[in-house]
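Reading through the structure tokens given below for one structure.
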Amino acid sequence: MSERFHDVLIVGTGFAGLCMAIKLKESGRHNFVVLEKADRVGGTWRENTYPGCGCDVMSLMYSFSFAPNRKWTRMYARQPEILDYIERVVAEYDLAQHIRFGSEVIAYDFDEAADLWHVRTRGGTSYTARIVVAGPGPLHKPSIPTFPGRETFTGPTFHSAEWDHSVDLTGKRVAVIGTGASAVQFVPEIAKHAAHVDVFQRTPHWILPKLDRAISRREKQAFDRVPGVQRAYRGAIYWAHESLILGFMHPKLMRGLESAARGLLHKQVCDPELRAALTPDYTIGCKRILVSSNYYPTLQRSDVDLVTAGIAGFTETGIRTVDGEVHDADVVVYGTGFEISERFTHEHIVGRGGLSITTAWRDGMEAYLGVAVAGFPNFFLMMGPNSGGGNQSIVFVIEAQARYIVECLAMMAAQDATRIEVRAGMQRDFNRQVHAKLEGSVWNSGGCESWYLDETGRNRAAWPGSSVSYWRRMRSPERRAYELSSVDEREPDTE
Ligand code: N01
């Protein structure tokens, strides 16, 4: 089945895909389509529905700057509120007409003769587009470690991002593997109903208090009635967050934050043995900093145990640790994070000269400014490698990228170009600089392993600076970074 040609084809309806769609619509210059594998918009906020799921970035920072959400009810929004905001944005910008649900893309092939991408979905529909913008989200492939005997366990098991709501945890013994940003949110919730929860911790994470509270009626009225109040709030919180980045880049400056995290641990955990087990041995910020005021108290419930012995394997009825103990469980929940480095390389993306993304990235993911990859003309990524850091609002980064991509399209139009491709040398130099700057950062030198680093120890996630510095860098594309050409020009040279 074939659909008509689109100037731009966007993949995904999370914050990234939708922001791109809005910016294209505002530019008024392109016809575009948005492909979504599911039957609803929302990206990560549609997928993650685990109990207690919410955002650990303050709500006032977690909306598009051009569409402030006046309906936030709390300083830290929960998942249903965020999803509701995303759906309202879709309605407000009348985007539904552009979205094709149930359209999971399985192949992208670049047609060099025509400067077009051919895109195929699992359902068998083919699309043709001049430009592809892929916004599948960096954390969308659940990672489940292959523990020995995993398949022998007879009870239900599921990953935090694929929560099985048909499994009632009331009165059950639950084993939770992992203690990252997802687990600290759902462990306190499931402990309220389960008979017993064992939390398997491999590495303790630093946790800061969550200063959550309801947004008062007065504040809401002020947001509604006085223009600029929400923007001022947002700005104040934003700049406080930005100052964190200085610490990420200069780990010695993280001492103040570390003492705040130690303060929470001392205040909430009296047992010295448990406190020691929960004290990280790496610099704060090396792994993503967690934000929770109810995780430590939950671990001290009489029906919750922190298990620090390593996992040796699964039995039919539970989990065996390396100290020989078997921890009985009715249900196992994996809070084990996501596959980061394979997020694109499993896909069939074939660019110029038959170059596949798997080959281009065989030594690791690399892009120019996180959005363009040499060898893949007319193809843009959102939240690609080294465009986001830890603990800041990714929505801000996404807006910068969407605006930049629209500028790239304007640059093409100004030259009547049908092809835009980042120059390999520019990409190489850019990455050399990025990785040199990251050397001393807390992610690289903080003494931990994290999903920011790939298996070779190279940081493929973080931008080495503040979000504002990224924003500035993305203000407009540098003409010299890109090769622009048109099919008509090239035709005489065709051999
Ligand atoms: O996953 P994680 P997550 N044996 O990778 C453990 C975003 N997010 O889903 O630390 C035993 O952080 C692993 O142990 P260790 C956010 O960007 C955002 O919680 O590697 N344990 C760790 O404890 C976040 O960073 C929000 O030693 C194993 C855990 O599993 C990202 O998603 C909310 C193991 C994985 O932690 C991922 O968070 C939630 C093994 N073989 C998530 N393998 C917001 O609020 C892994 N682990 C915005």
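As the structure lists them, so they are numbered: ligands from 1, and atoms in each ligand from 1. Quick caveat: nothing in here was measured; it's all calculated off a predicted structure.
Using modelled atom types, no side-chain atom of T170 and backbone atom of H193 make a donor-acceptor pair closer than 3.5 Å. Looking at S393, its side chain never comes within 3.5 Å of a backbone N or O of Y62 through a donor-acceptor pair. The main-chain N or O of Y93 is found under 3.5 Å from a side-chain atom of K25 such that the two form a donor-acceptor pair.
Contact between I311 and ligand 1 is absent, with no heavy atom of the residue lying under 4.0 Å from the ligand. Residue S143 places every heavy atom at 4.0 Å or more from ligand 1.
Using a 4.0 Å cut-off between heavy atoms, K287 contacts ligand 1 through its side chain alone, with no backbone atom that close. In S182, the parts holding a heavy atom less than 4.0 Å from any atom of ligand 1 are both the side chain and the backbone. With a heavy-atom cut-off of 4.0 Å, F147 touches ligand 1 through its side chain alone. By the criterion of a heavy-atom distance under 4.0 Å, the side chain of L139, and not its backbone, is placed next to ligand 1.
By the 30° and 60° cut-offs, the orientation of the rings of F66 relative to F64 is parallel. Aromatic ring orientation, F248 versus W443: parallel (interplanar angle below 30°, classes split at 30° and 60°). Using bins of under 30°, 30° to 60° and over 60° for the plane-to-plane angle, the ring pair F153/F314 lands in the perpendicular bin. Taking the six-membered ring where the residue is Trp, W463 and F430 present parallel rings, their angle staying beneath 30° rather than reaching 60°. Aromatic ring orientation, Y108 versus F379: perpendicular (interplanar angle above 60°, classes split at 30° and 60°).
From the protein, the heavy atom lying nearest to atom 23 (O) of ligand 1 is T179 N, 2.9 Å. Closest to atom 16 (C) of ligand 1, if we only count protein heavy atoms, is R288 CD, 3.4 Å. In this structure, atom 25 (O) of ligand 1 lies nearest to the protein heavy atom W451 NE1, 2.8 Å. From the protein, the heavy atom lying nearest to atom 12 (O) of ligand 1 is G180 CA, 3.8 Å. Looking only at protein heavy atoms, the nearest one to atom 6 (C) of ligand 1 is G178 CA, 3.7 Å. Looking only at heavy atoms of the protein, atom 44 (C) of ligand 1 is closest to D56 OD1, 3.4 Å.
Around atom 13 (C) of ligand 1, the closest heavy atom drawn from Q201, H159, R202 belongs to R202. Across the listed options G335, S393, G337, G335 owns the non-hydrogen atom lying nearest to atom 30 (O) of ligand 1.
Contact atoms of ligand 1 toward P145: 34 (C), 40 (C), 41 (N), 43 (N) (distance under 4.0 Å to a heavy atom of the residue). Remark: ligand 1 atoms within the under-4.0 Å shell around heavy atoms of Q185 are 45 (O). Listed by atom number, the atoms of ligand 1 under 4.0 Å from C55 heavy atoms are 45 (O), 48 (C). Numbered from 1 in the order shown, with element, the atoms of ligand 1 that lie under 4.0 Å from a heavy atom of T203 read 10 (O), 15 (P), 27 (O). Applying the 4.0 Å criterion to heavy atoms of H205 picks out, from ligand 1, the atoms 10 (O), 22 (C), 23 (O).
Counting only N and O atoms by type, the side chains of E162 and Y334 include no donor and acceptor under 3.5 Å apart.
Here L264 pairs with I207, P209, Q268, Y296 under the side-chain contact (heavy atoms from CB on, under 4.5 Å) rule; sequence neighbours left out.
Here D303 pairs with R301 in a salt bridge; the nearest charged N to carboxylate O distance falls below 4.0 Å.
Ring centroid separation for the pair W45 and Y85 does not come in under the 6.0 Å cut-off.
Residue pairs satisfying the salt bridge (charged side-chain N to carboxylate O under 4.0 Å, His left out) criterion with at least one member in residues 75-85, sequence neighbours excluded, are listed as follows: D84-R88.
Taking distance alone, with nitrogen or oxygen atoms compared against 3.5 Å, S160 stays at or beyond that limit from ligand 1. The shortest N or O to N or O distance between A181 and ligand 1 is under 3.5 Å. Among the atoms of Y50, none of the N or O lies under 3.5 angstrom from an N or O of ligand 1.
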